[in-house]
Novice: 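After the structure tokens below, expect a handful of questions from me.
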There are 2 protein chains.
Amino acid sequence: MARTAGSHSDITGPRVREAALKLFAQQGFAAVSMRQIAGEVGVQVGALYNYTPDKQSLLFDLMKSHMDGLLAAYADNSAVTAEARLHDFVQFHIRFHHDRPDAVFIAYMELRNLTPENFAVIEALRRQYEDRLEDILRAGVASGSFDVPDTKIATLALIAMLTGVNTWFRAGGRLSLEDVEAQYWQMVRKAVSAEG
Amino acid sequence: MARTAGSHSDITGPRVREAALKLFAQQGFAAVSMRQIAGEVGVQVGALYNYTPDKQSLLFDLMKSHMDGLLAAYADNSAVTAEARLHDFVQFHIRFHHDRPDAVFIAYMELRNLTPENFAVIEALRRQYEDRLEDILRAGVASGSFDVPDTKIATLALIAMLTGVNTWFRAGGRLSLEDVEAQYWQMVRKAVSAEG
DNA sequence: TGATTAACTGAACGCATGTTCAAAACAAAC
DNA sequence: GTTTGTTTTGAACATGCGTTCAGTTAATCA
């Protein structure tokens with residue numbers, strides 16, 4: 001076999017994904033054409049089909065990679081107190097999402113552009129992530145340090161609040177990411193705490 | 001002038017808006033064609049242009065109406081305690097958004113499909129709404145009943161959390177809207193409270 | 001009844017879409 | 001320097017897009 005090393009396929013492939021991620025986040029999946037992506041990469045549109053069977057798969061792969069990365073990156077430590085675990089979660093969530101705003105945006109906004117089968121896969125992964133937080137809340141309720149009537153609702157409420165950081169936070173602004181983390185942690189801690 | 005009463009224009013006009021609202025929410029602005037909207041209304045595509053100059057204006061009008069309605073419907077009562085005002089806000093926000101999920105969805109998801117001028121208008125209205133909540137938080141901090149380091153951050157965090165209800169709540173499920181309101185109020189109240 | 005005009009149709013405009021594929025370009029292996 | 005096989009081009013396919021507009025329909029007023 002000839003032409004394996006030195007080939008452009010291991011360069012163009014990632015570049016296609018990067019361009020798609022950026023453009024989908026900026027303009028939305030439906031508004032971005034394959035020709036736009038090709039233009040961003042610097043190739044003709046036909047070349048894209050060496051790297052994805054179709055546009056839908058390109059979207060799905062981006063979302064799946066993001067969710068896989070999210071689940072792989074978060075390691076819960078169930079040996080410590082529920083409050084310490086929750087603190088870890090809040091810090092992790094804010095940082096991880098802050099570091100990849102385009103992928104986060106796509107994962108939340110483009111769900112309706114997935115085929116039903118692809119949607120089910122992504123939704124299951126999201127559910128897994130939510131379950132990690134709910135485990136922490138349940139542990140805290142069981143030990144008496146948290147007080148929330150319904151751990152499922154609290155889970156969804158906290159994730160919505162934390163993910164919201166991405167919609168407004170910009171590095172170099174009035175506050176550092178550390179400031180933001182500290183303040184969100186204070187709100188989260190108080191929101192679920194058992195009142196004295 | 002002939003043909004004013006009995007005309008269809010006061011029927012078709014609202015139906016165009018309803019169809020566009022529904023379809024934009026379901027599939028996204030860019031993915032919906034004028035022909036689809038016309039099909040939903042039961043007219044030919046050309047007829048739509050009696051009711052909107054173009055597709056972009058249709059989107060903008062829907063978003064503007066929603067934001068105007070939001071600002072008109074919420075009446076703050078600055079005569080009572082900050083905690084009572086915050087309770088009112090939480091109830092109002094959850095209910096108002098619950099009652100019009102399609103408009104809410106569009107107002108959050110389709111901002112990037114607005115022209116810069118139209119975006120600025122919608123963004124200013126959103127800012128106005130946020131300012132109403134921030135006023136309440138500031139009053140509570142001033143009176144000592146709330147404790148939040150930065151009222152702007154807290155405002156954005158609370159709104160993200162409250163709006164998140166729309167992404168999962170379905171009437172007829174495990175919980176009533178009253179249950180949800182009560183639990184979110186508990187979390188909000190604790191999150192901003194000055195600890196004993 | 002006839003004139004008026006708002007509401008709508010149906011077809012057309014130029015252009016963009018996702019996808020396919022034969023042919024060309026090209027880099028490495030022999 | 002020829003062979004081999006991966007990568008890319010460039011053109012084409014059928015279809016759909018937003019928008020326009022001359023012409024038809026039908027309800028109202030005089």
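By convention in this document, chain letters (A, B, ...) are assigned in the order of the sequence lines, proteins followed by strands, and residues within each chain are numbered from 1.
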Novice: Can a donor-acceptor pair be found, under 3.5 Å and without considering hydrogens, that links the side chain of A:Q27 to the backbone of B:R112?
Specialist: no

Novice: Without hydrogens or angle criteria, can the side chains of A:T155 and A:E130 be said to hold a donor-acceptor pair below 3.5 Å?
Specialist: no

Novice: Between C:dC15 atom C1' and A:Q36 atom CD, what is the distance in whole Å?
Specialist: 15 Å

Novice: Tell me the interatomic distance from B:M34, atom CE, to C:dT9, atom P, rounded to whole angstroms.
Specialist: 14 Å

Novice: Answer yes or no: is there an ion pair linking A:R138 with A:D135, defined by an N-O contact shorter than 4.0 Å?
Specialist: yes

Novice: Does D:dG16 have OP1 or OP2 under 4.0 Å away from a side-chain N or O of B:S33?
Specialist: no

Novice: Please classify the nucleic acid contact of A:V32 as base, sugar-phosphate, or nothing, using heavy-atom distances under 4.0 Å.
Specialist: sugar-phosphate

Novice: Taking the six-membered ring where the residue is Trp, are the ring centres of A:F60 and A:F119 under 6.0 Å apart?
Specialist: no

Novice: What is the distance, to the nearest angstrom, from the CD1 atom on B:I11 to the C1' atom on C:dC8?
Specialist: 14 Å

Novice: Starting from C1' on C:dG18, measure out to CD1 on A:I37 and report it in whole angstrom.
Specialist: 11 Å

Novice: On DNA chain C, does the nearest nucleotide to A:F29 precede the nearest nucleotide to B:A47 from the 5' side, or the other way round? Give the residue.
Specialist: B:A47

Novice: Report yes if a side-chain nitrogen or oxygen of A:T12 is closer than 4.0 Å to either non-bridging phosphate oxygen (OP1 or OP2) of D:dT8; otherwise report no.
Specialist: yes

Novice: Return the value, rounded to whole Å, for the distance between atom CZ of A:R35 and atom C1' of D:dG16.
Specialist: 13 Å

Novice: Take atom CZ of A:F24 and atom P of C:dG18, then tell me their distance rounded to the nearest Å.
Specialist: 9 Å

Novice: Looking at A:S176 and A:D179, would you say the former's side chain and the latter's main chain have a donor-acceptor pair under 3.5 Å?
Specialist: yes

Novice: Rounded to the nearest angstrom, tell me the gap between atom CD in B:Q44 and atom P in D:dT24.
Specialist: 16 Å

Novice: It should be established whether B:Y51 places a side-chain nitrogen or oxygen under 4.0 Å from OP1 or OP2 of nucleotide C:dA6.
Specialist: no

Novice: Send over the distance from A:L58 CG to C:dG18 C1', rounded to a whole Å.
Specialist: 12 Å

Novice: Considering only C:dT20, C:dT9, D:dG18, which nucleotide approaches the side chain of B:Y49 most closely?
Specialist: D:dG18

